[in-house]
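Keep in mind that this is a model prediction, so the values were computed, not measured.
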Amino acid sequence: MLDCLVNVHFGETAKQPDFMLKVRDDYFKGPRSLYDQVELPALLDEMAEHGVEKAILMDNLAKPSVTARKFVEERPDRFALAVGGVNLLRPMPSLRELQAVVADLPVAYAVVGPSFWGDGMYPPSDAVYYPLYTKCAELGLPLCINTGLPGPPIPGEVQNPIHLDRVCVRFPELKLCMIHGADPWWDVAIRLMIKYRNLRLMTSAWSPKRLPDSLLHYMRTRGKDKVIFASDWPVLRQSRVVPEALALDLPTDVLENYLYHNAQEFFFSEQEL
């Protein structure tokens with residue numbers, strides 16, 4: 001099993017910004033310990049208990065995670081990085097840094113959240129993203145983009161997956177994945193995945209038992225290779241989401257694809273789309 005979105009950097013911040021506290025307290029109803037420092041043995045123990053072979057840890061160019069990079073350096077067999085923080089308004093220095101990080105460390109994908117920068121004013125179809133798309137396509141590096149209404153009280157319209165329609169047309173070589181589901185636009189996301197072979201969806205930050213029937217039907221039928229499992233740990237612990245995923249009414253091959261094969265092929269394989 002692969003867990004494709006794990007946060008180990010929260011404890012590096014002495015005081016979380018207000019919007020992160022609102023996410024913890026109002027949206028996920030999480031414990032106050034949600035943003036505590038993470039210790040490597042504890043995370044490895046939880047992964048072992050729930051059959052998680054490898055986890056992808058969130059990192060950031062603007063503020064590199066000491067914890068994530070330490071874990072990757074100590075256990076490259078168990079961890080890879082997801083790198084965000086590209087300055088889309090002044091992209092060239094960031095993109096050079098991204099290329100250097102990809103060359104030096106095991107990076108599974110780059111990541112960007114349209115609602116979380118630029119005051120939520122730039123949808124993914126805006127040309128401000130094009131240098132990032134071009135660099136990721138050039139490197140063969142998958143790019144994950146937040147879709148669906150965000151938890152924090154910030155603008156969410158830019159995360160409507162319909163904005164990826166134009167992106168997929170213009171960048172068919174780009175390996176692109178929607179992350180954090182697509183609520184309330186699940187049907188739009190499914191239709192786009194049917195339409196474009198380079199597009200995937202990750203269910204990070206979603207309890208598997210809360211996934212909509214339309215997505216589960218798609219997974220059983222035309223989307224067997226399109227949907228990827230992730231927790232968004234520690235917001236949702238593996239102790240919760242793994243048993244829920246295993247309990248889904250999915251055929252064995254579909255469940256194995258969801259929990260392992262789809263991520264392995266999309267993030268860790270050189271196979272062309």
Side-chain angles (χ1 to χ4, degrees), residues 5 7 9-10 12-13 15-23 56-66 68-69 81-105 107-180 182 185 189 192 196 198-200 202 204-205 232 267:
L5 203 161
N7 302 282
H9 61 282
F10 290 150
E12 297 171 2
T13 303
K15 185 179 185 305
Q16 295 291 333
D18 288 343
F19 80 86
M20 290 293 288
L21 298 178
K22 287 182 178 293
V23 168
I56 301 175
L57 311 180
M58 297 299 290
D59 194 15
N60 192 289
L61 293 176
K63 188 178 180 181
S65 169
V66 175
R69 296 195 181 192
L81 294 176
V83 179
V86 172
N87 183 344
L88 299 179
L89 299 179
R90 296 289 185 272
M92 297 313 297
S94 285
L95 294 178
R96 284 193 288 267
E97 186 178 358
L98 175 64
Q99 184 164 352
V101 171
V102 169
D104 290 342
L105 295 169
V107 177
Y109 60 84
V111 61
V112 64
S115 286
F116 292 85
W117 78 277
D119 296 323
M121 294 178 59
Y122 298 92
S125 55
D126 193 284
V128 75
Y129 291 85
Y130 285 14
L132 175 61
Y133 297 157
T134 301
K135 177 57 67 175
C136 286
E138 178 185 276
L139 295 175
L141 179 68
L143 176 64
C144 291
I145 297 185
N146 290 37
T147 47
L149 286 176
I154 55 179
E157 188 277 332
V158 291
Q159 295 192 171
N160 187 329
I162 193 60
H163 296 298
L164 299 177
D165 188 33
R166 189 169 297 176
V167 177
C168 289
V169 169
R170 293 180 173 172
F171 295 89
E173 305 87 355
L174 176 64
K175 298 174 75 171
L176 192 62
C177 182
M178 300 172 280
I179 61 173
H180 296 342
W185 303 297
L192 289 172
Y196 298 112
N198 62 323
L199 186 62
R200 304 290 187 274
M202 186 191 297
S204 48
D232 199 23
F267 294 128

Inset, instruction - Supply the atom-to-atom distance Ile56 CD1 to Ser204 OG, rounded to the nearest 0.5 angstrom. - result: 10.5 Å

Whether the side chain of [X] engages the backbone of [Y] through a donor-acceptor N/O pair (distance < 3.5 Å, no angle test) should be reported.
X	Y	answer
Gln159	Leu149	no
Asp59	Ser65	yes
Thr147	Pro161	no
Ser115	Pro155	yes
Asn7	His9	no
Tyr196	Asp165	yes
Asp119	Met121	no

Legend entry - Side-chain heavy atoms of Val167 within contact of Leu199, under 4.5 Å: no

Legend entry - Heavy-atom check, side chain of Leu176 versus side chain of Cys168, under 4.5 Å: yes

Inset, instruction - Determine the interplanar angle of the Tyr130 and Tyr133 rings, folded into 0 to 90°, and report it as parallel if under 30°, tilted if 30 to 60°, perpendicular if over 60°. - result: tilted

Inset, instruction - Take Trp185 and Met178 through the test side-chain contact (heavy atoms from CB on, under 4.5 Å) and record every step on the way to the result. - result: CA-CA 12 Å; Trp185 303 297; Met178 300 172 280; over 6 Å; no

Inset, instruction - Check Tyr129, Phe116, Trp117 against Tyr122 for a ring pair (Phe, Tyr, Trp, His ring centres under 6.0 Å) and give me the one that passes. - result: Trp117

Locate the shortest heavy-atom distance separating [X] from [Y]; write the atom from each residue and the value.
X	Y	result
Pro124	Ile145	CG-CG2, 4.1 Å
Asn198	Leu174	ND2-O, 2.7 Å
Val158	His163	O-CD2, 3.5 Å

Inset, instruction - Determine, step by step, whether Arg69 and Val101 satisfy the side-chain contact (heavy atoms from CB on, under 4.5 Å) criterion, reporting the C-alpha distance in whole Å, the side-chain angles of both residues, the deciding distance to 0.1 Å, and the verdict. - result: CA-CA 11 Å; Arg69 296 195 181 192; Val101 171; 4.1 Å; yes

Legend entry - Ile179/Asp232 under side-chain contact (heavy atoms from CB on, under 4.5 Å): CA gap, chis, key distance, verdict: CA-CA 10 Å; Ile179 61 173; Asp232 199 23; over 6 Å; no

Inset, instruction - Test Tyr109 against every option in Leu143, Leu5, Val83, Leu81 by the side-chain contact (heavy atoms from CB on, under 4.5 Å) rule and name the one that passes. - result: Leu5

